[in-house]
Protein chains: 2
Amino acid sequence: MPQDAAGSEQIEQRITARYDLLSPAERLLADHLMRHYPVAGLFSMPHLAKEAGISTPTVLRLVQKLGFRGYPDFQSQLRHEVETRLESPLAKHERWTQGVPGSHILNRFADAVLANLTSTLGRIDHAEFDACADLLADPQRQLRVTGGRITHALADYLVRQLGIVRPGVAALPALSSAWPPALLDLRRGDVLIVFDIRRYESGVLQICELAADCGAEIVLFTDPWTSPVADLARFRFSAQIEVPSAWDSTVALLVLVETFLAAVQERNWPTTRDRMERLEVLYAQARLFRRGRGSRG
Amino acid sequence: MPQDAAGSEQIEQRITARYDLLSPAERLLADHLMRHYPVAGLFSMPHLAKEAGISTPTVLRLVQKLGFRGYPDFQSQLRHEVETRLESPLAKHERWTQGVPGSHILNRFADAVLANLTSTLGRIDHAEFDACADLLADPQRQLRVTGGRITHALADYLVRQLGIVRPGVAALPALSSAWPPALLDLRRGDVLIVFDIRRYESGVLQICELAADCGAEIVLFTDPWTSPVADLARFRFSAQIEVPSAWDSTVALLVLVETFLAAVQERNWPTTRDRMERLEVLYAQARLFRRGRGSRG
DNA sequence: CGAACTCTGAAAAAATATTGACAGAGCCTG
DNA sequence: CAGGCTCTGTCAATATTTTTTCAGAGTTCG
């Protein structure tokens with residue numbers, strides 16, 4: 001559905017639609033605009049140029065490429081967008097900040113997620129978090145990760161990302177018959193990271209008991225109902241998971257996981273950076289990545 | 001609690017607080033500003049004066065009475081307010097950001113995640129969301145899902161959960177040599193769901209092109225920089241992903257995914273419920289679950 | 001009724017923003 | 001490696017905005 005004119009198109013859309021026509025400096029600006037949308041564009045041209053790290057003529061060239069006659073024209077449209085977003089029928093953000101029953105699923109869901117997040121994060125003890133991050137950052141300890149039906153993806157994510165930051169990270173196998181060999185080289189002091197939210201699965205408790213017998217430290221991510229694994233765990237973090245859906249939400253857990261990833265990588269930054277650089281080299285050698293969509297031949 | 005200076009007060013509050021100190025012409029302007037708050041103040045001084053029916057010096061006198069050094073100073077504060085309104089309508093940060101903001105990694109991370117979420121969700125067009133949910137809920141269409149290095153876990157999660165709601169959902173294989181057979185029974189109108197955030201991987205684009213040639217509809221989840229797949233996609237949802245970490249965050253994407261899951265299951269609830277019940281029976285037969293920790297036996 | 005006062009906008013002055021012209025830098029291509 | 005190309009910033013011009021100055025209009029009060 002091609003717009004004949006750029007008339008009422010959103011600026012965001014104009015940018016994405018023409019992104020491949022943009023030059024490198026223009027993309028710097030476009031990225032900046034998108035990242036701080038829409039307020040960034042309300043500043044004066046010199047200010048905006050400085051923030052984006054480019055020059056004023058480039059700003060002008062971009063807005064002209066986007067179909068505006070000049071910078072004032074661009075700002076005028078932007079103000080209009082801000083207006084409809086903020087001012088008019090108490091626009092979009094307000095639609096989901098107040099949980100009117102019967103509103104759109106996006107609003108209801110976002111409401112629940114935000115409530116879960118604030119509640120989850122507000123309850124975490126900073127000292128406990130730091131102690132756990134220290135544990136996970138200790139290169140002497142091997143890490144093993146496991147999850148249940150819903151949390152499997154989370155466990156997978158943690159393994160992949162943490163495996164970049166440090167060595168000795170692996171997921172436990174899915175089949176219980178494969179557990180004994182996997183526990184074979186678990187040493188005292190190694191760490192088992194467990195995700196276990198309701199519909200606690202029997203297998204998860206079993207493997208925690210096995211690992212505890214081997215002298216492993218257990219880190220548990222769970223829900224407020226607290227899984228049976230809690231008694232075995234050295235560290236325990238519980239997240240709010242209820243949303244308007246037939247299932248529970250893993251968003252708060254993911255935030256925890258990502259925060260731990262950030263904390264661990266911060267704790268041993270030289271090593272992390274070194275590993276990441278080597279990873280980049282390997283990726284480059286494998287020619288796995290291409291450029292963004294601008295790499296015109 | 002008297003503010004010594006007008007420091008961080010909201011402009012609306014400043015106006016109401018000093019309203020009775022204002023002259024008639026200034027009140028005209030104040031009324032206009034309040035009536036079209038906050039966008040009115042983003043215009044230039046001549047424009048604003050004309051709209052309010054007064055002259056530019058009066059505008060200047062008002063903003064000075066409000067405690068600003070000049071009109072640019074006033075606009076700067078106003079932009080800041082617009083930003084906080086748009087980015088985080090919940091000023092609830094204080095609840096768990098007690099102390100210096102940006103101190104503990106938990107606070108910094110949570111700040112970023114909340115900003116990402118509000119910004120991401122505020123930008124989603126409800127109609128587009130609904131249309132896409134309709135597409136995903138259509139049992140006639142098969143669904144295939146794929147992701148990149150970071151988003152793989154997300155794709156996996158979507159497959160598992162959506163696979164409970166409806167039949168015909170599968171992940172694409174990881175190895176590109178396995179793609180052609182996987183695409184073999186892709187029919188016109190089937191849907192390919194793609195996660196592609198920066199460090200866009202070449203394989204993702206390739207498989208999208210293949211699928212598009214087969215007549216598949218493409219649904220893209222990406223970042224604000226817009227992946228090259230965007231041109232091929234029927235639906236495109238972009239999420240904010242920046243956090244204080246060496247990596248990007250997939251939290252906002254996960255919220256999108258979970259919201260879609262809720263929307264799809266809602267659209268075909270009888271079928272979903274039926275499938276979930278049968279799943280429960282199967283799980284029970286496999287004796288996979290145990291009770292919560294009260295069931296000491 | 002007139003002097004002193006405040007309020008207000010016109011107009012000039014200063015500051016700043018926007019736009020255009022141009023040239024150096026980098027890159028493909030022959 | 002030279003010529004043509006695009007991209008990008010510096011600088012100058014033009015336009016606009018911001019601020020100041022000032023005088024007329026209206027009001028209050030003795």
Side-chain angles (χ1 to χ4, degrees), chain A residues 6 11 14-15 18-34 36 38-80 82 290-297, chain B residues 6 11 14-15 18-33 36 38-80 82 225:
Chain A
I11 287 175
R14 295 198 198 191
I15 292 176
R18 288 152 226 230
Y19 196 82
D20 45 346
L21 300 176
L22 303 183
S23 68
E26 286 165 355
R27 285 181 196 190
L28 276 177
L29 175 58
D31 291 345
H32 176 79
L33 283 173
M34 295 290 272
H36 301 98
V39 185
L42 297 175
F43 288 84
S44 69
M45 217 152 78
H47 187 119
L48 175 58
K50 196 178 163 197
E51 287 293 313
I54 45 100
S55 66
T56 48
T58 301
V59 176
L60 190 64
R61 283 188 283 261
L62 176 68
V63 298
Q64 284 171 344
K65 271 194 187 172
L66 295 180
F68 298 100
R69 280 182 40 198
Y71 196 70
D73 188 27
F74 165 80
Q75 280 199 325
S76 172
Q77 164 76 10
L78 204 56
R79 275 192 297 261
H80 187 69
V82 172
R290 49 181 156 74
R291 294 265 181 75
R293 59 161 151 191
S295 65
R296 63 188 66 187
Chain B
I11 288 176
R14 296 197 199 191
I15 292 177
R18 288 153 226 230
Y19 194 81
D20 36 344
L21 300 177
L22 303 183
S23 69
E26 285 165 356
R27 288 185 191 188
L28 235 52
L29 174 57
D31 291 344
H32 176 80
L33 281 174
H36 304 286
V39 185
L42 297 174
F43 289 85
S44 72
M45 217 152 78
H47 188 121
L48 176 58
K50 196 179 164 194
E51 286 294 313
I54 45 97
S55 67
T56 51
T58 301
V59 176
L60 192 63
R61 281 188 286 262
L62 177 67
V63 298
Q64 284 172 343
K65 270 193 185 174
L66 294 179
F68 297 101
R69 284 192 9 213
Y71 196 69
D73 188 26
F74 165 80
Q75 280 198 325
S76 173
Q77 165 75 11
L78 204 56
R79 275 191 298 260
H80 188 69
V82 170
W225 288 264

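Since the model is a prediction, treat every value here as computed from it, not as a measurement. Every chain is numbered from 1, with letters handed out A, B, ... down the list of sequences.
Between the side chain of A:Lys65 and the main chain of A:Leu21, a donor-acceptor pair closer than 3.5 Å is present. A:Glu26 places no side-chain N or O within 3.5 Å of a backbone atom of A:Thr58 that could act as its donor or acceptor partner.
The shortest side-chain heavy-atom distance between A:Ile54 and A:Leu62 does not fall under the 4.5 Å cut-off.
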For this session: Evaluate the side chain to side chain contact (heavy atoms under 4.5 Å, CB included) criterion for residues A:Ile11 and A:Phe74: first the C-alpha distance (whole Å), next the side-chain angles of each, then the deciding distance (0.1 Å), finally the verdict.
Result: CA-CA 9 Å; A:Ile11 287 175; A:Phe74 165 80; 3.7 Å; yes
Problem set entry | Step-by-step side chain to side chain contact (heavy atoms under 4.5 Å, CB included) determination, B:Leu78 to A:Leu42 | CA-CA 10 Å; B:Leu78 204 56; A:Leu42 297 175; over 6 Å; no
For this session: Could you give me the CA-CA distance, side-chain angles and deciding distance for B:Leu48 and B:His32, then say whether side chain to side chain contact (heavy atoms under 4.5 Å, CB included) is met?
Result: CA-CA 9 Å; B:Leu48 176 58; B:His32 176 80; 3.6 Å; yes
Seminar exercise, completed: Each nucleotide of nucleotides 23-29 of chain D classed B (base within 4.0 Å of a protein heavy atom), S (only sugar-phosphate) or -, in 5' to 3' order, makes -------
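Ranking C:dT18, C:dG20, D:dG9 by closeness to the A:Gln64 side chain, first place goes to C:dG20.
Taking the C1' atoms of five terminal pairs at each end of the helix from C:dC1-D:dG30 to C:dG30-D:dC1, the two resulting helix axes are inclined by 10°, rounded to 10°.
In terms of position on DNA chain C, the residue among A:Arg61 and A:Pro46 whose nearest nucleotide sits closer to the 5' end is A:Pro46.
Under 4.0 angstrom from either OP1 or OP2 of D:dG9 there lies at least one side-chain N or O belonging to A:Ser55.
Among the protein residues, A:Thr58 comes within range of the sugar-phosphate backbone only, with heavy atoms under 4.0 Å from sugar or phosphate atoms but none that close to a base.
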Just the atom pairs and distances: protein N or O near nucleotides 11-16 of chain C's N or O, under 3.5 Å.
none

